[in-house]
Amino acid sequence: VGPNVLTNNTVILTNANTYSGGTYIYGGILSVTNDYSLGAAGAGLSFSNGGLLQVNSSYTNSRSLTLLGNGGLTVSAGQIFTVTNNITGPGMLIIGTAISNNNNASAGTAVFVNASSYTGGTWIQGALGAAANAGYATNCPVVMITNGNALGSGMITLTNGGNLTLSGNITLTNAIT
């Protein structure tokens, strides 16, 4: 069984792990620098209660991602995190929340390649509160999709400088605010 991040603090995984039971991020932040920190290749990730995966290096994720409730990810500045699997569940995907210790918003890129079936919508969010006031509003996340259904079936909300980039000839059916 993998770790359950059940805290409002940040848990940092830097070494290789071999557990196979998956990881459940409930209300906390799980910070990783590579995919192998998340256990065996087939171990999935589940999110709820605002749990976030903080990605600190560029890599491709082929793990299953399940939004049991609201949760998501932030990608460190200059990094690219590519998601290749279907994201499932009823929750909302939150991308780019300002969570780092220096109040700096995510400035990395999250790329979503294939169709996803989650239904809770997508919130692409730039700098908040102290981060926006400190001048980090221009240091905002970019979300790139290569499939019109990559962000599930719910509404897509862009706030505080969050960016959505369409790569290729894509038709979105999601409402966008």
Ser58 and Gln79: side chain donor to acceptor below 3.5 Å: yes

State, yes or no, whether a side-chain contact exists between Phe47 and Leu53 at a heavy-atom distance under 4.5 Å. yes

Taking C-beta and beyond as the side chain, do Met155 and Thr122 meet within less than 4.5 Å on heavy atoms? no

Just by distance, with hydrogens left out, do Tyr59 and Thr82 show a side-chain donor and acceptor under 3.5 Å apart? no

Stepwise, does the side chain to side chain contact (heavy atoms under 4.5 Å, CB included) test hold for Leu93 with Trp123? CA-CA 6 Å; Leu93 179 62; Trp123 184 11; over 6 Å; no

Are Val111 and Leu151 joined in one hydrophobic group, where the rule is that I, L, V, M, F, W and Y side chains link up if heavy atoms are under 4.5 Å apart? no

Any donor and acceptor pair, going by atom type alone, linking the side chain of Asn70 with main-chain N or O of Ser48 inside 3.5 Å? no

Return yes if some donor-acceptor pair links the side-chain N/O of Arg63 with the main-chain N/O of Gly22 below 3.5 Å, else return no. no

Closer than 3.5 angstrom, by distance alone: can the side chain of Asn34 be matched with the main-chain N or O of Ser57 as a donor-acceptor pair? no

Contact between Val113 and Val83 at the side-chain level, heavy atoms closer than 4.5 Å - yes or no? no

Is the shortest heavy-atom distance from the side chain of Tyr36 to the side chain of Leu38 under 4.5 Å? no

Indicate yes or no: at least one non-hydrogen side-chain atom of Thr88 is less than 4.5 angstrom from one of Leu67. no

Quick check on the hydrophobic clustering: are Leu158 and Val75 connected, directly or via other members, by side-chain heavy-atom contacts under 4.5 Å? yes

Would you indicate whether the side-chain heavy atoms of Phe81 and Thr109 approach each other to under 4.5 Å? no

If we only count heavy atoms from C-beta on, is the Asn56 to Gln54 side-chain gap below 4.5 Å? yes

Rounded to the nearest 0.5 Å, how far apart are OH of Tyr24 and OG1 of Thr66? 11.0 Å

Are any of the side-chain heavy atoms of Asn9 and Val11 separated by less than 4.5 Å? no

Distance check, rounded to the nearest 0.5 Å: Leu68 atom CG versus Ser46 atom OG? 4.5 Å

Do Asn17 and Ser37 meet the criterion of a side-chain donor-acceptor pair at a distance under 3.5 Å? no

Verify same cluster id: Leu65, Ile95 (apolar side-chain graph, 4.5 Å): yes

Review item, side-chain donor-acceptor pairs of residues 163-177, under 3.5 Å, at least two apart:
residue	atom	partner	partner atom	Å
Asn163	ND2	Pro141	O	3.3
Asn163	ND2	Gly161	O	3.2
Asn174	ND2	Gly152	O	3.0
Asn174	ND2	Gly154	O	2.7
Thr177	OG1	Thr157	OG1	3.2

Out of curiosity, does Met144 fall in the hydrophobic cluster containing Ile124 (side-chain heavy atoms, cut-off under 4.5 Å, transitive links)? no

Looking at Asn114 and Thr84, would you say the former's side chain and the latter's main chain have a donor-acceptor pair under 3.5 Å? yes

Donor-acceptor check, side chain of Ser116 to backbone of Ile87, threshold 3.5 angstrom: yes or no? yes

